[in-house]
Protein chains: 2
Amino acid sequence: MQKKTSLKDIAEAVNVSTALVSYVLNNKEKQARVNLQTAEEIKRVAKKMSYRPNQVAKSLKSGKSLAIGLIVADISNPFFGYLARTIEEESKKKGYTVIFGSSDESMKKSQELIETLINRQIDGFIIAPAEETEKQLTYLKKANIPFVLIDRYFKDSALSYVVINNFKATYQATQKLLEKGKKRIAFVCYKNKLQHTKERYRGYIEALKDHGSADINELICEVEFNNPSYFKKEFGQLLKTGSKVDAVLFSTNALSIMGLKQIMETGIRVPEDLALFCFDQSESYDLFYCPISYVHQPLEEIGQKAVQMLIDRMSNHQSAYQQLVLDPELIIKRSSGT
Amino acid sequence: MQKKTSLKDIAEAVNVSTALVSYVLNNKEKQARVNLQTAEEIKRVAKKMSYRPNQVAKSLKSGKSLAIGLIVADISNPFFGYLARTIEEESKKKGYTVIFGSSDESMKKSQELIETLINRQIDGFIIAPAEETEKQLTYLKKANIPFVLIDRYFKDSALSYVVINNFKATYQATQKLLEKGKKRIAFVCYKNKLQHTKERYRGYIEALKDHGSADINELICEVEFNNPSYFKKEFGQLLKTGSKVDAVLFSTNALSIMGLKQIMETGIRVPEDLALFCFDQSESYDLFYCPISYVHQPLEEIGQKAVQMLIDRMSNHQSAYQQLVLDPELIIKRSSGT
DNA sequence: AAACTAAGCTTAATCGTTTAAACTGCCAAA
DNA sequence: TTTGGCAGTTTAAACGATTAAGCTTAGTTT
């Protein structure tokens, strides 16, 4: 049971005050005019005693924890996993550590997470906000805790976020399907009020309108989050309308995977019987018998920019809010029609 | 810019000492014999000023951070993502927060992560150790920092870990393939010295031996980690030996996915031309045209047990090391032969 | 009346680090 | 001889919380 070495231990060993040790180990020997010999000796002893600064004490003193809180819907979803990875790497580069939590799209869990992370004196947040969490963000603002939203956002210019142009994504995807002669394009999305969901919905609708498409009522399949059996029923219904639907556009990666799985099971031929356009990249697509067309999000860039924006805001509370809207990329393969 | 409320602020507002406030807010009013009225008043004011305890200060005082460090190879790999999720949930239940990092199978990154997390006064670690990190674990032991290994482990009885019986997993999988009449079963694995890799290898070999199978030299495909083109070449080679190989057993989830992808591309028919047995569950499997047989690991149980064991060791440094070896489950589908 | 008890509170040290301010010699300039 | 300056160091407060020990005041025992 060997105790950790503290500044005090070194100070006693070298027979100087802790102040001197602190100055030396923080490379402030110059401005503190520490004698070269003393400095060397302190460094030597610190190394010998394998001193590691106590970040908790540092944080208490400085008020900065050098930690970033990351809140996503579900870290086991590769989409968020990949984002987490890039955020972790970029943070490390800048000297920050990441503490994460999954909100499970629940406002309550999100609230709890934010509270525990605030208690831990997190310096800032990167959040993929769940539904109905606007008040939580308002609270963060009041408490003067910087944060940057990713993936999802709210209509508010006094907010920083990094997202893709969701409208453009589904507009162009729909357009592609129309170009391939698809007449009855279904849209599969979640029932929620998040801005990015609405935008994706709008992109689909507008594309249809602009190309003079008719009634779409039975072509929209809205499902509940985290409810596979509900999805199965609703999507099954959509497929059963049979010849009517000739293409499907999925609006998230989880929906894409679930949809592909069900299509696999029912034996519908892609793209002959049904054209498909998925959302987000996934290694799973490569295992589907037909190469999948999808909307590609620049995840690395999202993660990196989010960290950069956050650190910018953390180091300078006066700095302006930034809204970064990146362009999605359409990857066209055989599934969207030949 | 409203400052955070501290005990002192409340104490001043109520006109008592910080000690009293601390007692009350920690529900020690009884043992500190605090007057009921005073206590109520303190609680009222604390609520009004929306007091949140400073976990950093608490940690410094108590020496406990109530934080767990999680080190995995890559959080964007759904296998680890899912583990992270269960670990996060179980930790939260017990009042702990998770700080994570990806080692990328690099001993250097692993070292860095461990150091920063120690500096942050983490109470304990859950680690999926990378190759050549034994010294790091020895160091943790010396420093008396509890940890539990998951997924991988080292031969050492003075170590706590939660793993599956890797030998059994590949032994049984190989056996299944043999039962289906497969004669030339290939094995795809990583080149590394980790115990779990060796065990999986041994399971395969022993199963072949026990069933009187001959020479397997060209049937083993060892690839480098994080080197897709190398995999492509080596695995392509294996497939090209053509009629010779009639089954493939993959030894990790990443290898399974990469393999399936390549099989998809080359147009080999599963299971007619080639039987397959994969490792670990994955939603991707459901998109493959042929239902996949695989080794299922009880990830929830691994995560939960790891957290429980760690907390056990953290609260009682005297407690014994525990080695938990769980049984894998074989999920048999059409890909392993009919 | 002295001694004690209990209730209700405060004091002060402590965790490990930082840092402005003060102190101590010593040497040089006036 | 006084003053000043500088190198090299220490002191001490502070960050926010915890908690053992001490201090009042009043009431109770003997």
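Chain identifiers are assigned alphabetically (A, B, ...) following the order of the sequence lines, protein sequences preceding nucleic acid strands; residue numbering begins at 1 within each chain.
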Report the distance from atom CG of B:Asp9 to atom C1' of D:dC15, rounded to the nearest whole Å.
13 Å
Lys/Arg N to Asp/Glu carboxylate O, B:Glu90 vs B:Lys93, below 4.0 Å:
yes
Length of the CG-P vector between B:Asn54 and D:dG16, whole Å:
7 Å
Protein-nucleotide distance (B:Gln31, atom CD; C:dA7, atom C1'), rounded to Å
15 Å
Strictly below 4.0 Å, N to O, side chains only: are B:Lys193 and B:Glu134 in salt-bridge contact?
no
Rounded interatomic separation in angstrom, taking NZ from A:Lys58 and C1' from C:dT17
8 Å
Starting the side chain at C-beta, find the nucleotide from C:dG16, C:dT18, D:dA7 nearest to A:Arg33.
D:dA7
Is any side-chain heavy atom of A:Leu20 closer than 4.5 Å to one of A:Thr38?
yes
Taking the side chain of B:Asn35 as heavy atoms from C-beta outward, which of C:dG8, C:dT10, D:dT18 is closest to it?
C:dG8
As a test of reading the structure: which of C:dT10, C:dC15, C:dT18 is closest to the side chain of B:Leu60, going by heavy atoms?
C:dC15
Validation row: A:Lys141, A:Leu159 side chains within 4.5 angstrom (heavy atoms):
yes
Just how far, in rounded Å, is C1' of D:dT18 from NZ of B:Lys28?
7 Å
Minimum-distance nucleotide (side-chain atoms of A:Tyr51 versus C:dT17, C:dT10, D:dA17):
C:dT17
Taken to the nearest whole Å, CG/A:Asn119 to P/D:dA17 is 10 Å
Answer yes or no: is there an ion pair linking A:Glu40 with A:Arg44, defined by an N-O contact shorter than 4.0 Å?
no
note: A:Leu7, atom CG; D:dA14, atom P; distance rounded to Å ~ 20 Å
Does a distance-only test, which skips hydrogens and angles, find a donor-acceptor pair under 3.5 Å between the side chain of A:Tyr23 and the base of C:dA20?
yes
Return the 5'-most residue of the pair B:Ala57, A:Thr18 with respect to DNA chain C, ranking by each residue's nearest nucleotide.
B:Ala57
Is A:Ser22 close enough to C:dT17 that one of its side-chain N or O atoms is under 4.0 Å from OP1 or OP2 there?
no
Base, sugar-phosphate, or nothing for B:Lys61, non-hydrogen atoms under 4.0 angstrom?
base
How would you label the contact of A:Val16 with the nucleic acid (heavy atoms, under 4.0 Å): base, sugar-phosphate, or nothing?
sugar-phosphate
Between A:Arg52 and B:Val34, which residue's closest nucleotide on DNA chain C lies nearer the 5′ terminus?
B:Val34
Which is true for B:Ser6 with a 4.0 Å heavy-atom rule: it touches a base, it touches only sugar-phosphate, or it touches nothing?
sugar-phosphate
Of the nucleotides C:dT10, D:dT9, C:dG16, which has the atom closest to the A:Thr38 side chain?
D:dT9
Can you tell me the distance, in whole Å, between the CD1 atom of B:Ile118 and the C1' atom of C:dG16?
17 Å
